[in-house]
Amino acid sequence: MRTTWKPRTEHGQLDTKDRKELPDSVYAFPKQRKEPLTDSRHVRTALARFDQVQDVSDHDRDLAFANIKKAAEHYGVDVAEKDWHELGKRPHTRNPAND
């Protein structure tokens with residue numbers, strides 16, 4: 001899978017204005033502009049929330065996982081999973097609203 005992720009020099013907390021100014025190339029899901037990968041903390045967050053991203057195709061997930069792996073390598077984050085299917089595609093955390 002060819003990745004679209006490119007590193008940014010600006011890191012840290014992102015507010016709504018910051019997110020709007022980011023290029024698509026820093027997102028795990030670039031078409032949907034979901035899960036920015038601007039530093040190691042955001043890479044870990046993208047991994048943790050991967051299964052919570054809705055309304056995306058398996059192809060989008062393939063691309064997002066490839067982008068996450070590339071960003072993880074750049075920022076020195078270990079990724080144990082070899083495939084996005086190990087992360088899931090439906091939320092696995094308990095949600096009281098669905099009980």
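Keep in mind that the numbers below use all heavy atoms, side chains included, and drop hydrogens, waters and symmetry copies. Keep in mind that this is a model prediction, so the values were computed, not measured.
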Given Leu37 and Val26, is the side chain to side chain contact (heavy atoms under 4.5 Å, CB included) satisfied, shown in steps? CA-CA 5 Å; Leu37 304 169; Val26 302; 5.7 Å; no
Could you give me the CA-CA distance, side-chain angles and deciding distance for Glu35 and His42, then say whether side chain to side chain contact (heavy atoms under 4.5 Å, CB included) is met? CA-CA 7 Å; Glu35 302 305 331; His42 281 98; over 6 Å; no
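The closest side-chain heavy-atom distance from Thr4 to Ser25 is not below 4.5 Å. Two residues are said to be in side-chain contact when any heavy atoms from C-beta on lie closer than 4.5 Å; Tyr27 and Gln32 fail this criterion. Taking 4.5 Å as the limit, some side-chain heavy atom of Asp58 sits within range of a side-chain heavy atom of Trp84.
Across all their heavy atoms, Ala64 and Phe50 have their closest contact at CB-CE1, 3.9 Å. Taking each heavy atom of Pro7 and His74 in turn, the nearest pair found is CB-NE2, 3.6 Å. Considering every non-hydrogen atom in both Ala48 and Asp51, the closest pair reads O-OD1, 3.7 Å. Scanning all heavy atoms of the two residues, the minimum distance from Arg2 to Leu63 falls at O-CD1, 3.3 Å. Nearest heavy atoms, Thr38 versus Tyr75: O-OH, 2.9 Å.
No more than 12 heavy-atom neighbours from other residues, nucleotides or ligands sit within 6.0 angstrom of CG on Asp78. Counting heavy-atom neighbours within 6.0 Å of Glu81 CD, excluding the residue itself, gives a total above 12. Taking a 6.0 Å sphere around NZ of Lys34, one finds it holds 12 or fewer heavy atoms contributed by other residues, nucleotides or ligands.
The line from CD of Gln52 to CG of Leu87 is 11.5 Å long, rounded to the nearest 0.5 Å. Note that NZ of Lys69 is 14.0 Å distant from CH2 of Trp5, once rounded to the nearest 0.5 Å. Expressed to the nearest 0.5 Å, how far CZ of Phe65 lies from NE2 of His85 amounts to 10.5 Å.
His59 and Asp62 share no side-chain donor-acceptor pair at under 3.5 Å.
Put simply, the side chain of Asn67 never gets that close to the backbone of Thr3: no donor and acceptor are under 3.5 Å apart.
Salt-bridge check for Asp24 with Arg33: passed, with a basic side-chain N closer than 4.0 Å to an acidic carboxylate O.
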